[in-house]
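Keep in mind that what you see is a predicted model, and the values were worked out from it rather than measured. For the numbers below, each heavy atom of this structure counts, side chains included, while hydrogens, waters and symmetry mates do not. Each chain gets a letter, A, B and so on, in the order its sequence line appears, and its residues count up from 1.
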Protein chains: 2
Amino acid sequence: MISETVENYLKALFTLADEEGKVSVSELSQCLEVSKPSANSMAKTLHQEGFLIYKKYKPLVLTKYGRKAAALVIRRHRLTEMFLVEKMGFAWDEVHDVAEQIEHVQSPMFFERMDELMDFPKFDPHGSPIPDRDGNIVEADWVPLSACAEGDSVSFVGLAQSSKSLLQLLDGHKIALNQIFEVTTIEPFDQSIVINRDGFPALTLSRQVCNEMLVRVK
Amino acid sequence: MISETVENYLKALFTLADEEGKVSVSELSQCLEVSKPSANSMAKTLHQEGFLIYKKYKPLVLTKYGRKAAALVIRRHRLTEMFLVEKMGFAWDEVHDVAEQIEHVQSPMFFERMDELMDFPKFDPHGSPIPDRDGNIVEADWVPLSACAEGDSVSFVGLAQSSKSLLQLLDGHKIALNQIFEVTTIEPFDQSIVINRDGFPALTLSRQVCNEMLVRVK
DNA sequence: TAATATATTTAGATTAATCTATATGGTGCT
DNA sequence: AGCACCATATAGATTAATCTAAATATATTA
């Protein structure tokens, strides 16, 4: 059984990886707030278990097996964050520390139930994609609108999950598929987004709405 | 911060305590499936931390402080069990192992939210009382009907939580406060209970209903 | 290319929780 | 009272995860 500590190292390695999948021991130790010798020694252990490739003085690289294990921890983390916000009334910025603990619960059923109850969300409350049951992370050309930066020009290409009430809301604002708009402002207070479209007045969309709207950044 | 291991020892000590609060090292070691020296050595640690009274060759007794800490772990365990059943569609006999893990989550808010969402239940899905926020365990002369044994003769004295739909259901069956009845059968399959009352035909009540009905055993 | 700075590794110690094997205290029986 | 038995305690080792201090490798830069 994978210990919580190992799961945390895997998660860190996954998120720190650069384009080639490389992570330095220093980065790793900093990210986890442990000493460099600790990170180094754990790297050797993870190598022995087949989670990563360790060669003296070389950057660390997760194996396929390691990446899958890591993605599954991240899946549990993000599902939990989403559940805390959607079903338990937490604010999106209060969930991290709790999710950090719950992600280690050993019970596939527990996370499957969360997933079901939320109707299989594709993104967490911060707009990060939730890996699927097999650890595949949806590599798509779209992101939730909530993940965009001020000034981005985007086209609206779909919804993360479609509910009647959301469709009605979008309809009411005359927002349609393939429409093009610009992210004018992101409110620091509540992360609501102001968009601008040709031929329409400026429009403010709540964080919840932006989480569900998938856009392609130009 | 109290480690998970310590929390598990406290929980075991609390539940194993006899009328005088005494627990032997052997019982403790058996309950937690550790060796006797392990239990002994942890007993010394818990003594140092003020959780229990340890005297060589004498039975272990939790201090007031220890009992409170233990009750709070049990509170989290039972709240979690209830939440899994009520809000996440688990069966009442599937929840123990998961709750065993979640009870250690460090986040008062998380458990407060559970409590609120369930409308402050007084008993867990197995009919055991849920200690309050201060670690007080309701010592009452009534128990949920679901905690009764076949053959018990009881009087109906109240509800654990009253919802309109439950009241309507009871009304429909002409069940009223202070009525006296006998627990005739407990179905092994779904823990539904058949009761018998003077002047009424036999009646089957579901586990959910029995959980909410508080009775005094004669 | 040599000197220096930075990153990485090794050595050795620490802590919490556990174990096995052994020793000792307390209780009950003859 | 003495002996045997069971519960309890001690000694000493082990494991995972961590640390500090010191040594060594790689990279940078004069």
- Message: Between A:Tyr54 and C:dT8, is there a contact of a side-chain N or O with OP1 or OP2 at under 4.0 Å?
- Response: no
- Item | Neighbours of DNA chain D within residues 43-52 of chain B, by heavy-atom distance under 4.0 Å | B:Lys44
- Item | Residue B:Gln30 excluded, over 12 heavy atoms near CD under 6.0 Å | no
- Item | Test: B:Arg113 cationic atom under 6.0 Å from A:Phe90 six-membered ring centre, within 45° of axis | yes
- Message: What's the angle between the local helix axes at either end of the helix from C:dT1-D:dA30 to C:dT30-D:dA1, using five pairs per end and rounding to 10 degrees?
- Response: 10°
- Message: Could you report the tightest heavy-atom contact between A:Asp115 and A:Pro121, atom names first, then the distance?
- Response: OD1-CD, 3.5 Å
- Look at B:Glu112 together with B:Arg75 and state whether they make a salt bridge at an N to O cut-off of under 4.0 Å. yes
- Query: Can A:Ser155 and A:Asn178 be counted as having a side-chain donor-acceptor contact under 3.5 angstrom?
  - Reply: no
- Without hydrogens or angle criteria, can the side chains of A:Ser38 and A:Ser35 be said to hold a donor-acceptor pair below 3.5 Å? yes
- Note on the structure: Quick note, side chain to side chain donor-acceptor pair (under 3.5 Å) partners involving residues 46-57 of chain B, not counting sequence neighbours, are B:Asn40-B:Tyr54
- Message: Treating A:Glu150 as the side-chain partner and A:Ile186 as the backbone partner, does any N or O pair qualify as donor plus acceptor under 3.5 Å?
- Response: yes
- Item | Lys/Arg N to Asp/Glu carboxylate O, A:Lys11 vs A:Glu103, below 4.0 Å | yes
- SB check B:Arg207 B:Glu212 (cutoff 4.0 Å): no
- Query: Does the side chain of B:His104 pick up a donor-acceptor pair with the side chain of B:Asn8 at under 3.5 Å?
  - Reply: yes
- Does B:Ser3 put a side-chain nitrogen or oxygen below 4.0 Å from OP1 or OP2 of C:dA17? yes
- Message: For a quick test of reading the model, state the closest non-hydrogen atom pair linking A:Val154 to A:Cys148 and the distance between them.
- Response: CG1-SG, 4.0 Å
Show every donor-acceptor pair shorter than 3.5 Å between a side-chain atom in residues 65-74 of chain A and any protein atom, with sequence neighbours excluded, or say none if there are none.
from, atom 1, to, atom 2, distance (Å)
A:Arg67, NH1, A:Leu62, O, 3.3

- Query: Between residues 18-40 of chain B and DNA chain D, which residues have a heavy-atom gap below 4.0 Å?
  - Reply: B:Ser24, B:Val25, B:Ser26, B:Lys36, B:Pro37, B:Asn40
- Examine C:dA17: is either OP1 or OP2 under 4.0 Å from a nitrogen or oxygen in the side chain of B:Tyr9? Give yes or no. no
Give every pair of a protein N or O atom and an N or O atom of nucleotides 25-29 of chain C that lie under 3.5 Å apart, one pair per line with the distance.
from, atom 1, to, atom 2, distance (Å)
C:dG25, O4', B:Tyr57, OH, 3.1

